[in-house]
**Q** 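The following block contains the structure, expressed as structure tokens.
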Number of protein chains: 2
Amino acid sequence: MNIKVDLSTSGITSDIRALLAEDAKVAKEKLWSGKEDFTGWVSLPSSLCGSKADVPFKIETCPEGYDLMEELEDMKRTAEEIRGKCDLLVVVGIGGSYMGAKCVIDALAEEIAAKAETTGQNFPEVIFAGCNMSAAFHRDVIKKMREKETCLCVISKSGGTTEPLAAFSILKEEMDAKYGSDATSRIYAITDKSKGRLREEADEAGYKTFIVPDNIGGRYSVLTPVGLLPIAVAGIDIDALIEGAKDLAEEFGQAGSQADKQTDSKADSLTNYAISRVALSKSGKWIEIFEYFHPELDFFGEWLKQLFGESEGKEGKGIFPASLMFSRDLHSMGQFIQQGKQMFFETMIIIEDRGEDITIPDSVGAPLAGKTLEQINDCAIKGVAAAHTKAGVPVIKIILPKMDAYNMGQLIYFFEMTCGIAAYISGVNPFDQPGVEAYKAEMKAEIDALQ
Amino acid sequence: MNIKVDLSTSGITSDIRALLAEDAKVAKEKLWSGKEDFTGWVSLPSSLCGSKADVPFKIETCPEGYDLMEELEDMKRTAEEIRGKCDLLVVVGIGGSYMGAKCVIDALAEEIAAKAETTGQNFPEVIFAGCNMSAAFHRDVIKKMREKETCLCVISKSGGTTEPLAAFSILKEEMDAKYGSDATSRIYAITDKSKGRLREEADEAGYKTFIVPDNIGGRYSVLTPVGLLPIAVAGIDIDALIEGAKDLAEEFGQAGSQADKQTDSKADSLTNYAISRVALSKSGKWIEIFEYFHPELDFFGEWLKQLFGESEGKEGKGIFPASLMFSRDLHSMGQFIQQGKQMFFETMIIIEDRGEDITIPDSVGAPLAGKTLEQINDCAIKGVAAAHTKAGVPVIKIILPKMDAYNMGQLIYFFEMTCGIAAYISGVNPFDQPGVEAYKAEMKAEIDALQ
């Protein structure tokens, strides 16, 4: 595990953590038992990395005779094929069917650009549609489709969710108009293995398909085809992404889950973070503010909001997740954090090595002359942490050595596991979302009433 | 005032509002007295629209003999000049020196595109830098500057804030490298009228300058040159923007501020919204979630976070502002809102007429066939409001007839005035931000300690 967790300014001592250690142990065992619904993501990275991995249970989500490793190879071949014929991949999906892919592609934009420069490859732009019902937004998508060689990928377990269904039908028509009978070979569907509207349509039309596993929910699905195909098309090394998650999974799976100082390994620090979150919320810190100092992590903040918000926000419980981009938001929400109503804690996501830097010219004078932007960024990180700690705000630091596919894989798995453990400690099921149906039902009634 | 405020599902009755009506009246009188520091924005739109306006006091922020109307004409001429020679305007600023311009330009992107198509004009892309210290981010800015004809606009009252200072020094060097001695004629500074580092540098180098008024703080400055110059360059009719704000200002200024039913004019509904926010927070709803159903309003959410967060978050008080984009975030935070810990209220920003629409093809079958995306969007709005209201969440609706420069001007002024009144009712000064200095001081100490 490459990720360091600094809880020294969290305000939660090891004595307090010890109070929840047993609950955390039970939560971990539950997650790793292989017996709970929708915990397929726990062993997925190991399963994907072949049989050598020492994991407590294997993911079994696929039809008889189906091979996860073969699925992965097929995805890589398909991504290569899409890159060969398209400059644009439009992915239609909402919630878990798009947030994971977008956050990884955004976060690794620099890696993609560097790879493009080194290898001379031109990676397709990957954009996302069907996640809102704005006509203006979708007109822009259609405009792009008309300008570029396009492939279309629709992602939906059931195929019945209103927003992606409406968007897909519009964009498919656009594909038909542009490519005629060749459109079929440019459309990809990621859906249920055997049932549902999209499965039927894909089989009938002859779209190339990949499977959304049964026992992995949307917000935990980024390392399934749901996330991996778009990520691979964008030019990211999905083997490295999975490898990162697998290494963390195995180290964590094998570590003890006692939250006392004696066993405070790096892997245990994940459990300690999960425990500290719950303890902070019990002490009246009802908002977790995720913070990052690099704009390419902006959508990672959105992914975190879905992961934690949808997993923990039920039965009148939950830590309200917010996200801020610094320095930008130090000049908006910085004032509130420093002196406003204290009902939050901060979780900073810090990247240590940011690669190529920019030196500030001498003309600016002392003290900035000759320093680099990322040196100043480091000073901002330290300065903010110090200022907020002095103001009494609990600050947690999640530190990544660098931002690449391998470490991104670790970060994803790290937060998924944290979320699962914290939700179980809080006494809620991290894997359902019964409240989402309410708006769908009301919206459906409104649609049915339209003339 | 074109904006409608629907408080019928806010949970705050007129009886409750009446309890705070006197406080609101005092707040309004204070704002409109012309005697409080940093309230220049209250009469600014009227002052900008010439002497005919019936306003309680005139803005007097400029040096002797300085003419606001002339400043406005000069901005329009300068914007025209920039459009003539540049395809890219890079604006360097942080906080109030950039959020207002970006939110207006994003929100009116459709209007800009339509105008470009009708008139054949090519409006420069406007991008923002110096709001973070990411080297990767600024490398991308430099790459764009090398590809396009560029102008650079630096915005800072003092010129001494670290982030824009560092970025400007780097980007100015880039301008020098590209344009040599002609760079000066492509650099614009918006800064203090007479003092500070940037004023000195601009006067010495001979940059064209505009003035940041003394009595208007950053987060209230979008209708000063700080926001207006970039907005004008982008192709937006700044006269219409100001006119919208002016019309609302005058209607509101002349209306009574009693919050009872007898005087419940549209203008009074602004006061009622301000009162309801405070009342909701007093009843334990400590988070205000701003929601919109059109992605082009995403950055408007960021602007609102600064406006309210920085104005209200002090002395241990404040309503924590968050923002969500629907439908997208119904599939992330929707679960939490429906069933999570109830400590929030929702403020939906709804645009009634969204212009050109897209029809969903018949192939999709009932009930979507033949409907339009924005009809479905409307069903989402109604469905969400119904579902959340049934769950007991207070829902406030701010309804705009359409999104254009005039209505955007109204919306800006509407929220600025709401914020000023609500903060005064809560007993805090809406116009200072003493807590922002803490991180700056800590960061400066870190920078001074660098080798």
Side-chain angles (χ1 to χ4, degrees), chain A residues 94-95 110 131-138 163 166 169-170 173 294-295 305-306 309-310 313-314 316-318 322 327-328 330-336 338-341 357-358 360-361 364 367-368 373-374 376-377 379-380 382-384 386-387 433 435-436 438-439 442-443 446-448 450, chain B residues 94-95 110 131-138 163 166 169-170 173 294-295 305-306 309-310 313-314 316-318 322 327-328 330-336 338-341 357-358 360-361 364 367-368 371 373-374 376-377 379-380 382-384 386-387 433 435-436 438-439 442-443 446-448:
Chain A
I94 195 164
E110 284 291 301
C131 38
N132 63 61
M133 290 288 91
S134 159
F137 178 88
H138 286 88
E163 290 89 342
S169 67
I170 289 167
E173 203 178 51
H294 291 87
K305 281 187 222 170
Q306 183 189 14
E310 214 165 36
K314 52 195 72 160
K317 297 178 182 176
S327 291
R328 186 190 76 182
L330 290 167
H331 293 251
S332 64
M333 289 297 293
Q335 165 65 36
F336 198 116
Q338 198 78 35
Q339 299 184 327
K341 183 171 168 60
D357 211 338
I358 301 178
I360 301 169
V364 79
L368 295 178
L373 281 189
E374 293 290 358
I376 305 302
N377 215 357
C379 293
K382 288 178 192 153
V384 172
Q433 52 284 330
V436 179
Y439 110 84
E442 296 284 350
M443 179 168 75
E446 293 287 343
I447 293 171
D448 288 339
L450 283 177
Chain B
I94 196 164
E110 284 291 301
C131 39
N132 63 61
M133 289 290 92
S134 160
F137 178 88
H138 285 89
E163 290 90 342
S169 69
I170 289 167
E173 201 177 54
H294 290 87
K305 282 187 221 169
Q306 183 190 14
E310 213 165 39
K314 52 196 70 160
K317 297 179 182 174
S327 292
R328 186 188 78 184
L330 291 167
H331 293 250
S332 65
M333 289 297 292
Q335 166 64 37
F336 199 116
Q338 198 78 37
Q339 299 184 327
K341 184 173 167 59
D357 210 337
I358 300 179
I360 301 169
V364 79
L368 295 178
K371 307 295 187 301
L373 281 188
E374 294 290 358
I376 305 302
N377 214 356
C379 292
K382 287 177 192 153
V384 171
Q433 52 285 329
V436 179
Y439 110 85
E442 296 285 349
M443 179 168 75
E446 293 288 343
I447 293 171
D448 288 339

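Values reported hereafter were calculated over all heavy atoms of this structure, with side chains retained and with hydrogens, waters and symmetry mates removed. A, B, ... follow the sequence lines: proteins, then strands. Residue 1 opens every chain.
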**Q** Can you tell me which of B:Ala322, B:Pro367, B:Ser169, B:Gly95 forms the most heavy-atom pairs within a distance under 4.5 Å of chain A?
**A** B:Ser169
**Q** Which region of B:Gln338, side chain (C-beta onward) or backbone (N, CA, C, O), has a non-hydrogen atom less than 4.5 Å from a non-hydrogen atom of chain A, or is it both or neither?
**A** side chain
**Q** Relative to chain A, which segment of B:Lys371 carries a heavy atom at a distance below 4.5 Å: side chain, backbone, both, or neither?
**A** side chain
**Q** Looking at chain A, which one of B:Gln306, B:Gln433, B:Met133 has the largest number of heavy-atom pairs inside 4.5 Å, strictly under?
**A** B:Met133
**Q** Between A:His138, A:Met333, A:Lys317, which shows the greatest number of heavy-atom pairs under 4.5 Å with chain B?
**A** A:Lys317
**Q** Tell me the closest heavy-atom pair linking B:Ile170 and A:Pro361, and the distance in Å.
**A** CG1-CD, 3.7 Å
**Q** What's the separation between atom CG in B:Asn132 and atom CG in A:Leu373, rounded to the nearest 0.5 Å?
**A** 8.5 Å
**Q** Which residue out of B:Lys305, B:Glu173, B:Gln335 racks up the most heavy-atom pairs below 4.5 Å with chain A?
**A** B:Gln335
**Q** Can you say whether B:Ala166 sits under 4.5 Å from chain A via the side chain, the backbone, both, or neither, judging by heavy atoms?
**A** both
**Q** Any idea which heavy atoms bring A:Ile376 and B:Met443 closest together, and the distance?
**A** O-SD, 4.3 Å
**Q** Specify which of B:Val364, B:Asp448, B:Val436 makes the most heavy-atom pairs with chain A at under 4.5 Å.
**A** B:Val364
**Q** Taking all non-hydrogen atoms of both residues into account, name the closest pair between B:Ser134 and A:Pro295 and its distance.
**A** CB-CD, 3.5 Å
**Q** Non-hydrogen atoms of chain A under 4.5 Å away: do they reach the side chain of B:Glu310, the backbone, both or neither?
**A** both
**Q** Which residues satisfy the ring pair (Phe, Tyr, Trp, His ring centres under 6.0 Å) test with B:His294, sequence neighbours excluded?
**A** none
**Q** How many angstroms lie between atom CG of B:Leu330 and atom SG of A:Cys131, to the nearest 0.5 angstrom?
**A** 12.0 Å
**Q** Give me the atom names and distance for the closest heavy-atom approach of A:Asp357 to B:Ala135.
**A** OD1-CB, 3.5 Å
**Q** Of the non-hydrogen atoms in A:Tyr439 and B:His331, which two are nearest, and what is the gap between them?
**A** OH-NE2, 3.0 Å
**Q** Nearest 0.5 Å, please: how far is CD1 in B:Ile447 from NZ in A:Lys382?
**A** 11.0 Å
**Q** Considering residues at least two apart in sequence or located in another chain, which fulfil the side-chain hydrogen bond (donor to acceptor under 3.5 Å, both in side chains) criterion with B:Ser327?
**A** A:Glu163
**Q** Are the side chain of A:Glu446 and the backbone N or O of B:Ala380 linked by a donor-acceptor pair below 3.5 Å?
**A** no
**Q** Counting only heavy atoms closer than 4.5 Å, note whether B:Glu374 contacts chain A via side chain, backbone, both or neither.
**A** both
**Q** Out of B:Gly334, B:Gly309, B:Ser332, return the one with the most heavy atom pairs under 4.5 angstrom to chain A.
**A** B:Ser332
**Q** Please name the pair of heavy atoms, one in B:Ala386 and one in A:Glu442, separated by the smallest distance, quoted to 0.1 Å.
**A** CB-OE1, 3.6 Å
